[in-house]
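From a predicted model like this one, the values you see are computed outputs, not experimental measurements. Start at 1 with the first residue, then count along the sequence.
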Amino acid sequence: MSLIYNINLLFNAKMNSYTLSEIEEHLKTNPTDVWVVINNDVYNVTKFIDEHPGGEEVLLEQRGKDGTEAFEDVGHSSDARDLMDNYRIGQVADEDRTDFSNDNKESATAASSRSSSWWDFLIPLICGLTAVALYRYVIVPRFF
């Protein structure tokens, strides 16, 4: 985590808490602000929008919404995750928080099953191709 974030935690033991309706209301009254929710944290990325490597459209699509799934699907680097700390302005209020623990378990299980199914397909394919290549280029030429 970044130094700024850690200092912020020291001086502001309790971060601001926003309900989703408060975020929506803020964005209605401040149409140029870009607030995004990621993993139950609220970020004001208004000043970052021009610097975002994926383009401003990506952030504008998630404006005022929970962009956790979109953020995680892209697979951001640890540097990107550290940079987020500079834009964190609070967290989602308890009544609007999303529980990601089950989603992470399900996605990890799904990824694991997907990768094992690929191996279940690739290993026999590689063995078969190796056997054909050995037969074609090693065994058959000996008899002719």
Side-chain angles (χ1 to χ4, degrees), residues 1-140:
M1 299 209 161
S2 75
L3 179 62
I4 294 171
Y5 177 71
N6 290 331
I7 291 172
N8 194 17
L9 284 179
L10 288 173
F11 291 108
N12 300 320
K14 185 175 183 202
M15 295 287 293
N16 291 333
S17 184
Y18 300 96
T19 64
L20 295 178
S21 58
E22 287 174 331
I23 294 170
E24 187 177 317
E25 187 60 34
H26 172 83
L27 295 175
K28 283 181 184 175
T29 58
N30 300 282
T32 58
D33 281 358
V34 181
W35 286 15
V36 178
V37 175
I38 299 173
N39 292 319
N40 292 317
D41 289 323
V42 182
Y43 298 90
N44 182 351
V45 294
T46 308
K47 294 180 180 177
F48 179 67
I49 198 161
D50 293 328
E51 300 172 32
H52 187 255
E56 65 183 40
E57 300 82 21
V58 177
L59 294 176
L60 292 174
E61 279 180 13
Q62 301 303 320
R63 182 180 183 266
K65 300 177 188 173
D66 187 336
T68 302
E69 186 175 344
F71 180 82
E72 296 298 342
D73 284 349
V74 172
H76 285 85
S77 67
S78 58
D79 290 340
R81 292 175 188 276
D82 288 342
L83 184 62
M84 289 172 59
D85 296 337
N86 299 330
Y87 299 97
R88 184 171 182 241
I89 58 171
Q91 57 192 8
V92 175
D94 290 341
E95 63 265 22
D96 288 335
R97 292 180 76 78
T98 303
D99 180 19
F100 294 106
S101 61
N102 289 338
D103 292 343
N104 289 339
K105 289 177 188 172
E106 289 173 15
S107 64
T109 304
S112 172
S113 68
R114 268 186 268 130
S115 67
S116 68
S117 66
W118 272 104
W119 282 113
D120 292 344
F121 171 75
L122 285 178
I123 289 174
L125 178 65
I126 292 170
C127 290
L129 291 174
T130 303
V132 168
L134 282 172
Y135 178 76
R136 173 81 169 96
Y137 296 108
V138 177
I139 297 172
V140 171

Please verify the inter-ring angle class for His26 with Trp35; under 30° counts as parallel, over 60° as perpendicular, anything in between as tilted. parallel
Separation between CG (Leu27) and CD (Glu22), nearest 0.5 Å, reads 12.0 Å
Specify the closest pair of heavy atoms between Asp96 and Ser21, including all atoms of both residues, with the distance to one decimal. OD2-N, 4.4 Å
Closest non-hydrogen atom pair between Phe48 and Pro53, with its separation: CZ-CD, 4.2 Å
One should read off an interatomic distance between Ile38 CD1 and Asp66 CG, to the nearest 0.5 angstrom, of 8.5 Å
Hey, does Leu129 have a side-chain heavy atom less than 4.5 Å from the side chain of Ile126? no
Within-4.5 Å side-chain heavy-atom neighbours: Thr68 and Thr98: no
Closest approach of Thr19 and Glu95, non-hydrogen atoms and distance? CG2-OE2, 3.0 Å
Per the side chain to side chain contact (heavy atoms under 4.5 Å, CB included) rule, which among Asn16, Asn44, Asp41 passes with Ile89? Asn44
Would you name the heavy atoms of Gln91 and Val42 that are closest together and state the gap between them? C-CG2, 3.8 Å
Distance, nearest 0.5 Å, that separates CD of Glu56 from CD of Glu61: 11.5 Å
Give me the one residue out of Asn30, Asp33, Leu59, Thr32 that meets side chain to side chain contact (heavy atoms under 4.5 Å, CB included) with Thr46. Asp33
For the backbone of Val34 and the side chain of Arg63, can you confirm whether one donor and one acceptor N or O come within less than 3.5 Å of each other? no
Distance col, row Leu83:CG vs His76:NE2, nearest 0.5 angstrom, shows 10.0 Å
What distance separates Asp85 CG from Tyr43 OH, expressed to the nearest 0.5 Å? 6.5 Å
Indicate yes or no: at least one non-hydrogen side-chain atom of Val58 is less than 4.5 angstrom from one of His52. yes
Kindly compute the distance separating CZ (Arg81) from CZ (Phe71), expressed to the nearest 0.5 Å. 4.5 Å
Where do Ala93 and Ser17 come nearest, in terms of heavy atoms and distance? CA-OG, 3.1 Å
Quiz question: by atom type and distance under 3.5 Å, do the side chains of Asp79 and Ser77 form a donor-acceptor pair? no
